[in-house]
Amino acid sequence: MTSIRTRFAPAPTGYLHLGGARTALFSWLYAKHTNGKFILRIEDTDRERSKDEYTDAILKSMEWLGLDWDEGPFYQSERNDRYLEEIDKLLEAGDAYRCFCTVEELEQKRKDAQKRGEKPKYDGKCRDLNLAESKEPFVVRFKTPKTGATQFIDLIKGKISFDNSELDDLIIRRTNGSPTYNLTVVIDDSDMKMTHVIRGDDHINNTPRQIVMFKALGLEIPKFAHVPMIFGADQKKLSKRHGALSVTEYRDAGFLPNAVVNYLVRLGWSYGDQEIFSTDELIDKFDIVNVGKSAGVFNPEKMEWLNSHYIKNTDSINLASNVLPFIEELGYKVENKEWLATAIDTLKERAKTLKELAVQGEFYFKDDIDYDEKAAKKFLTEDVIKPFELLLESLKSLKSWDEEAIEAVFTKVLDDTGLKLGKVAQPVRVALTGGTVSPGIFEVIHVIGRERVIDRIKKAIEYVESG
RNA sequence: GUCCCCAUCGUCUAGCCUGGCCUAGGAUACCGGCCUUUCACGCCGGCGACAGGGGUUCAAAUCCCCUUGGGGACGCCA
């Protein structure tokens, strides 16, 4: 049995978005699962809209997601001669012909057809004229069979059939001489020996057109698997209107690649009731037969939930490098990664994104604490001077600076003052963090460190005394 | 409009192929409780779906047909 070869073939006309990423992921997983090869191909035949900037972004996004390719990236723009060669063959064999109809003419015919309630398609005016090359601009069209039907077994959708009468003679070579998508895909998928074409189901309508060309060129037809679309909350194909879309945007918002992959894979694919999958597990368990037929709605909350899961379950020391950029974005510098990891330990149960984590831990990184007005008014009152002074004294001389010892200090102060923990902890929290919400107070004290804790408590006392 | 595809909680889904174990399971979101020094986490509980109608069958979420609804494609874009 020949080994399986799949591909991802984006057009560099935009950033890699969630839908494309999922298609790439399915394709990649299927190749990995079957011990096959995953090929990356950049479909940049549309010179007007293709941009290097997008190609770079797509490659970066794939790398970030961990979707590595075995061959490529191949660029269609570099394979022009190959396409023209096949077009000539088609022309010679009478399977294609030159068409001199103008754009305006075609536009008008489309409108008329629409008016008559028909599917707008080329009427075949030049089909049997056998026109030779001339100075007039022309395109080359593929001569689609007029009768019969073209069908294929889609690995996801099942049997799909089109009447050939539905297909018109599509353009395979533009006036400017460049080849078009449906032809280049066929040649590339054949040249690159693809066994499985896994792509978005917006390509279902292209499939019969490609199959007739595979046949005309005498090429082997690959298997097809059309994965359903991802919709926005309005049930419409995911697009710019739906807000954050591109993979890089999620990276910059503080998502972990594992979380994005895990979310994407579970949208349209399942393995019983399991929700959390490691990459190795996915490679082991992924199969096209478990991909659903229907479109899925993108649900940001569930992706956040997965992200928080992965944040909680990643070692803080590993998380540190991922968090650093977000801390820097807030304008702080952190040199000591070990220390940062201890801070992250206290924050990661609470954050849905790395960005959130950095913001919630801001008091760890900044020098001067600004009090939240309400919090200060409520908690930094005369009553706290006494316990604060007691705390200061004990903390200054505390032998081992660990959470247990710090807790013991509090217990002692509570005993001496007869106050309840809440009465002391909240004011301390405000003194140290500026607000009323933070990780556990003993961990906070531990992480902030003796010098800065003492400094902040002193400042709080001064604040109270100065009214 | 024409062709193609799709249809289980708000959302992602299990179950469907190979009818009975489905009083339809899980996850997320939401609501409530417990835990608790705050907020979270965690744990426990609740809410909530087989689009409708016909068949076939002793029996249908599961098989067949129709209707309805939704989406996609109809480019010298990919």
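Letters A, B, ... are given to chains in the order of the sequence lines, protein chains preceding strands, and every chain is numbered from 1.
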Visitor: Any strand is fair game: report the nucleotide pairing with B:C58 by Watson-Crick or G-U wobble, both distances under 3.5 Å, or none.
Guide: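 Paired with B:G20.
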Visitor: What I want to check is whether an N or O donor and acceptor connect the side chain of A:T13 with the base of B:C77 at under 3.5 Å.
Guide: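 In this structure, the two groups form no donor-acceptor pair.
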Visitor: Is A:Y181 touching bases, backbone alone, or none of the nucleic acid, heavy atoms closer than 4.0 Å?
Guide: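 Contact class for A:Y181: base.
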Visitor: May I ask you to check whether A:H203 and A:Y181 place their ring centres under 6.0 Å from each other?
Guide: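 For A:Y181 and A:H203, the ring centres are under 6.0 Å apart.
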Visitor: Does the structure show a Watson-Crick or G-U wobble partner for B:U68, both distances under 3.5 Å? Name it, or say none.
Guide: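 Pairing partner, where one exists within any strand: B:A7.
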Visitor: Where along nucleotides 8-13 of chain B does protein come under 4.0 Å, by heavy atom, of base (B) or sugar-phosphate alone (S), with - for untouched nucleotides?
Guide: ---SBS
Visitor: Where do A:M192 and A:R79 come nearest, in terms of heavy atoms and distance?
Guide: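 Nearest pair, atom of A:M192 first, then A:R79: CE-NE, 3.9 Å.
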Visitor: Give a yes/no on whether any side-chain N or O of A:K293 is located under 4.0 angstrom from OP1 or OP2 of B:C6.
Guide: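 True: A:K293 side-chain N/O within range (under 4.0 Å) of B:C6 OP1/OP2.
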Visitor: Atom CD1 of A:I160 and atom C1' of B:A73: how far apart are they, to the nearest Å?
Guide: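 These atoms are roughly 12 Å apart.
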Visitor: Closer than 4.0 Å, any side-chain N/O of A:T45 to the OP1 or OP2 of B:C77?
Guide: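 Checking B:C77 against A:T45, no side-chain N or O comes under 4.0 Å of OP1 or OP2.
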Visitor: Quick check for you: to the nearest 0.5 Å, what is the distance between A:W69 atom CH2 and A:S27 atom OG?
Guide: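 It is 13.5 Å, given to the nearest 0.5 Å.
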Visitor: Taking a pair as Watson-Crick or G-U wobble with both distances under 3.5 Å, which nucleotide is matched to B:G1?
Guide: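 For B:G1, the partner nucleotide comes out as B:C74, under the 3.5 Å rule.
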Visitor: Measuring to OP1 and OP2 of B:A78, would you say a side-chain N or O of A:R49 lies under 4.0 angstrom away?
Guide: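 False: A:R49 side-chain N/O out of range (4.0 Å or more) of B:A78 OP1/OP2.
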Visitor: Protein within reach of the bases, or only the backbone? For nucleotides 31-39 of chain B, mark each nucleotide 5' to 3' as B, S or -, using heavy atoms under 4.0 Å.
Guide: ------BBB
Visitor: Is A:T184 touching bases, backbone alone, or none of the nucleic acid, heavy atoms closer than 4.0 Å?
Guide: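 Contact class for A:T184: none.
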Visitor: In terms of side-chain heavy atoms, does A:N307 have a donor or acceptor partner in A:T353 at a distance below 3.5 Å?
Guide: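 No, because no side-chain N or O of A:N307 sits under 3.5 Å from a partner of the opposite role on A:T353.
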Visitor: Between the side chains of A:R199 and A:T207, is a donor N or O closer than 3.5 angstrom to an acceptor N or O?
Guide: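 A pair is found: one side chain offers a donor N or O, the other an acceptor, under 3.5 Å apart.
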Visitor: NA contact type, A:N206, heavy-atom cut-off 4.0 Å: base, sugar-phosphate, or nothing?
Guide: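 If one applies the 4.0 Å heavy-atom cut-off, A:N206 turns out to touch a base.
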Visitor: Over all strands shown, is A:R110 touching base, sugar-phosphate only, or nothing at heavy-atom distances under 4.0 angstrom?
Guide: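 Sugar-phosphate: the residue A:R110, judged by heavy atoms under 4.0 Å, touches backbone atoms but no base.
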